[in-house]
Amino acid sequence: MQDLLNSAALLVSSLTSSVWLLHRHKQDKPESHYKVRVFALSCFFIGAYALTRLIWSNPGSHTGTLVQMTENLSFFIALPFIATVFLATGKGWHWSMAGWGRWLLGLIAFFELTRRTDYGVIYSQVLVLLLLLALVIGALLLKTNQARLLSLGGSALAGIALLLFSPTPY
């Protein structure tokens, strides 16, 4: 029952964040709007994972594969995207959509390479550490103290959640 409530809360929060970000920032400059779109897409990926967990709480062989795919998508693609958005915002980097697409392809290729060579567990552990490092560095590079403090608090919560609940790749 608690898994269903967790999945429902994750679904509502991630999809609400995605829609709110896209609606609130639709008039922004293209450079900053790309980061917003990538962040919203990451929230959508996390929402897709929560939806599959909500629908198939006891997955069979076919639905288990879909749940695993969305879990890998949210952990190995969405979270690195979010960390990269934080880092890019802090450093003032502006990537084109083609650059974000290349980063997506690189993340997918590296995940598949490490999974097939049986380094997937090590990759997921190193990825957690790199994500936390990128979130903290991105938070420290923000301009205002309030944004820095809120980002560091969010990074601490993300760190606790990632270290306790990060998946093992299959």
Side-chain angles (χ1 to χ4, degrees), residues 6-7 9-51 53 69-114 120 122-167 169:
N6 291 344
S7 294
L10 185 60
L11 176 66
V12 169
S13 64
S14 62
L15 292 181
T16 302
S17 298
S18 181
V19 170
W20 181 79
L21 279 169
L22 289 175
H23 180 69
R24 174 112 161 75
H25 296 279
K26 64 183 171 186
Q27 301 300 326
D28 286 355
K29 298 180 294 187
E31 294 84 22
S32 62
H33 191 34
Y34 293 155
K35 288 184 263 189
V36 170
R37 283 192 229 168
V38 168
F39 197 95
L41 180 66
S42 299
C43 291
F44 179 75
F45 288 161
I46 294 169
Y49 166 65
L51 181 63
R53 290 279 303 194
M69 286 173 60
T70 57
E71 181 180 25
N72 288 341
L73 184 66
S74 67
F75 184 74
F76 294 103
I77 303 298
L79 294 180
F81 265 7
I82 289 171
T84 306
V85 167
F86 269 74
L87 198 56
T89 301
K91 295 288 282 181
W93 295 336
H94 299 290
W95 291 5
S96 66
M97 285 308 283
W100 287 106
R102 289 183 194 105
W103 180 227
L104 172 67
L105 291 175
L107 287 170
I108 292 170
F110 202 68
F111 164 74
E112 188 60 24
L113 179 67
T114 57
I122 295 170
Y123 174 60
S124 64
Q125 292 168 348
V126 169
L127 184 64
V128 166
L129 294 175
L130 290 175
L131 289 173
L132 294 176
L133 184 64
L135 288 174
V136 169
I137 290 171
L140 291 175
L141 292 174
L142 292 174
K143 304 293 182 231
T144 64
N145 288 333
Q146 181 183 8
R148 241 183 250 138
L149 183 63
L150 290 173
S151 295
L152 284 173
S155 298
L157 287 175
I160 292 167
L162 284 171
L163 292 174
L164 293 177
F165 305 111
S166 62

(request) For residues Ala147 and Thr144, report the shortest heavy-atom separation together with the two atoms involved. (result) CB-OG1, 3.1 Å
(message) Can you give me the closest heavy-atom contact between Phe111 and Tyr123, atom names plus distance?
(response) CA-CE2, 3.9 Å
(message) How long is the straight-line distance from CG of Leu150 back to CG of Asn145, given to the nearest 0.5 Å?
(response) 11.0 Å
(message) A side-chain contact here means heavy atoms from C-beta on lying under 4.5 Å apart; do Leu79 and Val128 qualify?
(response) no
(request) With side chain to side chain contact (heavy atoms under 4.5 Å, CB included) as the test, would you mind laying out the steps for Phe81 and Leu104 before giving the verdict? (result) CA-CA 8 Å; Phe81 265 7; Leu104 172 67; 3.6 Å; yes
(message) Tell me if the aromatic rings of Tyr49 and Phe75 count as close, with their centers under 6.0 Å from one another.
(response) no
(request) Mind listing the closest non-hydrogen atom pair of His94 and Gly92 along with its distance? (result) CD2-O, 3.4 Å
(request) Please lay out, stage by stage, how Ile82 and Leu131 fare under the test side chain to side chain contact (heavy atoms under 4.5 Å, CB included). (result) CA-CA 9 Å; Ile82 289 171; Leu131 289 173; over 6 Å; no
(request) State the CG-NZ distance between Leu21 and Lys35, to the nearest 0.5 angstrom. (result) 13.0 Å
(message) Counting only heavy atoms from other residues, nucleotides and ligands, does the tally under 6.0 Å from CE of Met69 exceed 12?
(response) no
(message) Nearest 0.5 Å, please: how far is CG in Leu133 from OG in Ser155?
(response) 10.5 Å
Check: residues 37-46 side-chain donor-acceptor pairs under 3.5 Å, at least two apart:
| from | atom 1 | to | atom 2 | distance (Å) |
| --- | --- | --- | --- | --- |
| Arg37 | NE | His33 | NE2 | 3.4 |
| Ser42 | OG | Val38 | O | 3.0 |
| Ser42 | OG | Ala78 | O | 3.4 |

(message) As an exercise, state the distance from CZ of Arg53 to CG of Leu11, rounded to the nearest 0.5 Å.
(response) 13.0 Å
(request) Examine distances only and state if a side-chain atom of Arg148 and a backbone atom of Leu141 form a donor-acceptor pair shorter than 3.5 Å. (result) no
(message) How long is the straight-line distance from OH of Tyr34 back to CH2 of Trp95, given to the nearest 0.5 Å?
(response) 14.5 Å
(message) Can you tell me how far apart NZ (Lys91) and OG1 (Thr84) are? Round to the nearest 0.5 Å.
(response) 14.0 Å
(request) Determine the minimum heavy-atom distance between Leu87 and Ala134, stating which atoms define it. (result) CD1-O, 4.0 Å
(request) Considering non-hydrogen atoms only, spot the tightest contact between Ala83 and Leu135 and give its length. (result) CA-CD2, 3.9 Å
(request) Mind listing the closest non-hydrogen atom pair of Leu142 and Ser151 along with its distance? (result) CD1-OG, 3.2 Å
